[in-house]
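Notes for the one structure printed next.
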2 protein chains.
Amino acid sequence: MAKVAFIGLGVMGYPMAGHLVRHGHQVTVYNRTQTRADAWKAEFGGSVELTPCDAAKGKEFVFVCVGNDDDLRQVTLGETGALNNMSAGSILVDHTTASADVAREIGVLASAKEVGFLDAPVSGGQAGAENGLLTVMTGGNESHFVQAKPIIESYARCVELLGEVGAGQLTKMVNQICIAGVVQGLSEGLHFARSAGLDGEKVVEVISKGAAQSWQMENRYQTMWQGEYNLGFAVDWMRKDLNIALNEARKNGSHLPLTALVDQFYSEVQAIGGNRWDTSSLLAKLEKNRK
Amino acid sequence: MAKVAFIGLGVMGYPMAGHLVRHGHQVTVYNRTQTRADAWKAEFGGSVELTPCDAAKGKEFVFVCVGNDDDLRQVTLGETGALNNMSAGSILVDHTTASADVAREIGVLASAKEVGFLDAPVSGGQAGAENGLLTVMTGGNESHFVQAKPIIESYARCVELLGEVGAGQLTKMVNQICIAGVVQGLSEGLHFARSAGLDGEKVVEVISKGAAQSWQMENRYQTMWQGEYNLGFAVDWMRKDLNIALNEARKNGSHLPLTALVDQFYSEVQAIGGNRWDTSSLLAKLEKNRK
């Protein structure tokens with residue numbers, strides 16, 4: 001059993017840190033809003049520190065799951081950042097969905113202190129975090145990966161090494177790019193089906209047997225058809241992720257016309273008040289545009 | 001066992017008509033190019049007629065599977081069309097992917113002669129036709145459907161009634177709209193993955209476990225990654241289908257920005273010589289545009 005710190009008790013981090021306790025690890029947490037850290041401690045035990053730096057002190061593994069590149073820099077590299085207090089041989093694991101650039105930046109600085117670094121964004125959403133069934137896309141050194149994997153498995157069912165530092169973030173970008181296309185296609189399909197007066201349930205039952213099938217079709221069609229958009233990952237966060245992917249694409253020279261367009265469609269969802277709706281709300285915008 | 005005619009022995013119709021023979025039906029065929037009808041007869045037995053009208057004479061069921069609305073009108077409503085020789089109580093089943101308008105037009109004319117009509121476009125491609133595992137999306141009257149279903153099951157594993165005449169075509173349009181989004185999203189994802197230097201196989205292994213998963217990802221990723229685009233349904237045919245959907249959308253007032261865009265992307269695939277490539281060749285165009 002390991003001595004670990006968990007920094008960032010958001011919708012994802014809160015249950016993930018809880019799973020670490022359930023698996024017998026000795027967990028110290030830090031959260032920007034301290035009352036939430038106190039609530040976590042009341043629920044799971046463990047201990048709370050007031051800075052990332054204090055939380056990281058003497059730990060074998062430090063896990064981070066915060067909002068974006070800036071938050072990540074602050075809690076790892078900032079004045080009270082975790083890296084200040086990590087010792088040679090310890091490993092920093094970042095679960096934030098962030099840029100590959102910030103991952104490489106932290107990787108280099110960690111390496112200079114002989115601290116291991118893994119970029120390890122997750123998929124599976126809030127339900128995956130709560131049920132300990134996340135997928136973790138990891139970039140970094142194989143020996144660091146092998147050490148961290150059993151701990152990460154406290155809250156994940158699939159933990160894979162995809163390449164050097166940054167490869168986890170890049171894989172997460174591929175994931176979000178594919179989702180953008182699937183969700184927009186499915187939204188247009190359902191919007192058309194309603195306009196055509198079809199029975200959505202029957203249509204999906206038939207077309208989900210073949211080449212049009214997708215996880216989104218099987219898991220989101222029903223709520224979409226009912227105009228319910230409160231099932232997890234929010235539009236604001238999806239735009240953050242798509243922006244990361246589009247910025248990386250500018251650098252690596254890839255051409256993402258649909259991804260750029262869907263990002264703009266999400267901005268229209270925001271414009272009609274959908275910032276906190278889930279990603280399937282692309283349909284809401286189409287329905288609003290119906291002639 | 002029924003006396004049936006099958007009109008149109010293309011890539012799909014040829015094996016479909018063969019399955020009817022294998023299931024013990026008495027099959028008469030017609031094909032525009034007669035040598036292909038003769039080849040079919042040499043392989044399966046049955047008989048060949050020189051016009052749709054002659055083929056249809058005295059049959060309980062007439063099946064059609066031709067190229068487009070015009071072909072369909074010609075072989076059903078034209079001077080030597082099947083409907084001229086069909087008697088009250090017989091049923092005309094059209095497997096062409098066509099407009100809902102032409103389906104309704106034929107439905108009305110058939111009805112005037114007390115002939116049943118079902119629009120019944122299929123999915124599952126050439127492999128589905130050859131293996132008798134098609135999905136059939138049917139529109140029409142329930143009693144006609146119940147009579148035709150057992151015969152159709154000679155080459156289909158899923159035969160569903162979606163609503164009145166036209167509902168089969170409309171459902172097929174939903175199918176193609178969803179596919180357009182999935183394939184473009186997947187193409188951008190793989191294009192980005194290659195630009196980012198990732199291992200495509202590992203990436204797909206991980207992301208296909210979650211919200212980015214699709215039939216296309218599971219069944220086409222490998223050939224796409226290798227730049228092979230000879231697995232079935234051709235770009236020319238997909239553009240025909242998307243055009244049908246976009247025309248219907250103009251009428252029913254639905255808004256299909258991605259579908260319209262992907263149709264244009266397929267025109268770029270045609271421009272680089274990909275008319276006969278399969279639908280996953282959207283990736284080829286992206287790879288060509290790489291900086």
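Just so it is clear, the values below take in all heavy atoms, side chains as well, and ignore hydrogens, waters and symmetry mates. Residue numbers begin at 1 in each chain, while the letters A, B, ... track the order of the sequences. The structure displayed is predicted, hence computed values, not measured ones.
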Look up atom [atom1] in [X] and atom [atom2] in [Y], then write down how far apart they are to the nearest 0.5 Å.
X        : Y        : atom1 : atom2 : answer
B/Leu258 : A/Leu186 : CG    : CG    : 11.0 Å
B/Leu162 : A/Asp199 : CG    : CG    : 8.0 Å
B/Glu205 : A/Cys158 : CD    : SG    : 7.0 Å
A/Ser187 : B/Ile177 : OG    : CD1   : 11.5 Å
A/Thr259 : B/Glu188 : OG1   : CD    : 4.0 Å

Where does [X] contact chain A at under 4.5 Å (heavy atoms): side chain, backbone, both or neither?
X        : answer
B/Asn175 : both
B/Arg157 : side chain
B/Phe233 : neither

> Mind checking whether B/Gln184 and A/Pro257 have side chains closer than 4.5 Å, heavy atoms only?
Replying inline: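 Yes - at least one pair of side-chain heavy atoms lies under 4.5 Å apart.
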> Residues in side-chain hydrogen bond (donor to acceptor under 3.5 Å, both in side chains) with A/Gln169, at least two apart?
Replying inline: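 By the side-chain hydrogen bond (donor to acceptor under 3.5 Å, both in side chains) rule, A/Gln169 matches no residue at all.
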Find the one option among [options] whose heavy-atom pairs under 4.5 Å with chain B are most numerous.
options                                : answer
A/Leu256, A/Val204, A/Thr171           : A/Leu256
A/Ser208, A/Ser214, A/Ala193           : A/Ser214
A/Leu161, A/Val136, A/Asn219, A/Leu198 : A/Leu198

Heavy-atom pairs under 4.5 Å with chain A - which of [options] has more of them than the others?
options                                : answer
B/Gly181, B/Gly166, B/Ala196, B/Ala211 : B/Ala211
B/Val174, B/Thr135, B/Val206           : B/Val174
B/Val203, B/Leu190, B/Val262           : B/Val203
B/Gly139, B/Gly197, B/Ala245, B/Gly210 : B/Gly210
B/Glu160, B/Met217, B/Arg194           : B/Glu160

> Are there more than 12 heavy atoms of other residues, nucleotides or ligands under 6.0 Å from atom CD of B/Glu218?
Replying inline: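 Count over threshold, so yes.
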> How about A/Glu142: does its CD atom have over 12 heavy atoms from other parts shown lying under 6.0 Å from it?
Replying inline: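 Not buried by this count: 12 neighbours or fewer within 6.0 Å.
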>> Check whether B/His191 reaches the backbone of A/His255 with its side chain - one donor and one acceptor, N or O, closer than 3.5 Å.
In response: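 Yes; judged by distance alone, with no hydrogens or angles, the pair exists.
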> Which heavy atom in B/Phe192 sits nearest to a heavy atom in A/Ala249, and how many Å separate them?
Replying inline: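 Looking at all heavy atoms of both residues, the shortest contact is CE1-N, 3.9 Å.
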